[in-house]
Amino acid sequence: MLKNISVNKLDVNNNIIIDIRDKEKYNTSHIPNSVHIENDKLINNPSDYINKEDIYYIYCQHGKTSLKTCIKLSKLGYNVINIMGGYDEWLIKN
């Protein structure tokens, strides 16, 4: 079952947060303490970047791509949570 979280409830200090946007957008600005893994790399080779024991919070710019990514990864057995609204929502709330 796919899980979602709002940016209001996101704990940037105690969660593993993955930004799947392109490198340029990540380098310009990102959610604090997030790591950058481009979406294509994460989808095509998830075991190179994440494991099935940890929980990962994933976001993109608007929340649509991260939702699709989380659906695919959860079907493969990964513990992923979509950050609703993505980085745009983070900017509004912070």
Side-chain angles (χ1 to χ4, degrees):
M1 182 174 168
L2 182 65
K3 297 176 186 173
N4 292 289
I5 190 170
S6 74
V7 294
N8 294 336
K9 296 185 178 184
L10 184 64
D11 183 347
V12 298
N13 295 312
N14 295 306
N15 293 314
I16 304 170
I17 304 169
I18 300 174
D19 183 327
I20 60 169
R21 301 175 303 154
D22 65 45
K23 189 174 185 173
E24 185 177 310
K25 286 182 181 179
Y26 177 81
N27 286 341
T28 300
S29 185
H30 53 269
I31 294 175
N33 300 321
S34 63
V35 296
H36 179 249
I37 305 171
E38 287 191 25
N39 190 50
D40 289 344
K41 292 179 180 179
L42 185 58
I43 288 294
N44 293 328
N45 299 298
S47 63
D48 287 352
Y49 303 99
I50 60 177
N51 61 60
K52 294 184 178 180
E53 291 75 40
D54 292 323
I55 299 172
Y56 301 91
Y57 295 78
I58 298 178
Y59 74 96
C60 61
Q61 191 68 39
H62 310 293
K64 293 178 183 175
T65 302
S66 59
L67 177 62
K68 292 176 187 176
T69 297
C70 285
I71 290 169
K72 290 177 184 177
L73 292 173
S74 65
K75 286 180 180 178
L76 295 172
Y78 291 96
N79 294 312
V80 292
I81 299 173
N82 179 54
I83 300 173
M84 296 183 298
Y87 187 70
D88 287 347
E89 189 70 14
W90 175 264
L91 288 176
I92 291 168
K93 301 290 184 185
N94 293 281

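What you see is a predicted model; the values in this text were computed from it and never measured. The figures here come from the full heavy-atom set of this structure, side chains too, leaving out hydrogens, waters and symmetry mates.
Its side chain within the 4.5 Å cluster rule, V7 clusters with I5, L10, V12, I17, I31, I55, Y57, Y59, I81, I83, Y87, W90, L91 among the Ile, Leu, Val, Met, Phe, Trp and Tyr residues.
Evaluation of the salt bridge (Lys or Arg N to Asp or Glu O under 4.0 Å) test over residues 15-26, restricted to residues two or more places apart or in two chains, returns D19-R21. Among pairs with a residue in residues 39-59, none fulfils salt bridge (Lys or Arg N to Asp or Glu O under 4.0 Å), at least two apart in sequence or across chains. Pairs of residues two or more places apart, or lying in two chains, that qualify as salt bridge (Lys or Arg N to Asp or Glu O under 4.0 Å) and include a residue from residues 81-94 are E89-K93.
By the rule that hydrophobic residues join a cluster once side-chain heavy atoms approach within less than 4.5 Å of another member, I16 and L42 end up as members of one cluster. Linking Ile, Leu, Val, Met, Phe, Trp and Tyr residues whenever their side-chain heavy atoms come within less than 4.5 Å leaves M84 and L2 in two separate clusters.
Put simply, the side chain of N39 does not reach to within 4.5 Å of the side chain of C60, judged on heavy atoms.
In terms of modelled atom types and a separation under 3.5 Å, the side chain of Y26 and the main chain of I20 share no donor-acceptor contact.
Of the residues L73, N51, I58, the one that meets the side-chain contact (heavy atoms from CB on, under 4.5 Å) test with Y78 is L73.
Between the CG atom in N79 and the SG atom in C70 there is a gap of 11.0 Å [rounded to 0.5 Å].
Residues meeting the side chain to side chain donor-acceptor pair (under 3.5 Å) test with N4, sequence neighbours left out: N82. In this structure H62 satisfies the ring pair (Phe, Tyr, Trp, His ring centres under 6.0 Å) test with no other residue, sequence neighbours excluded.
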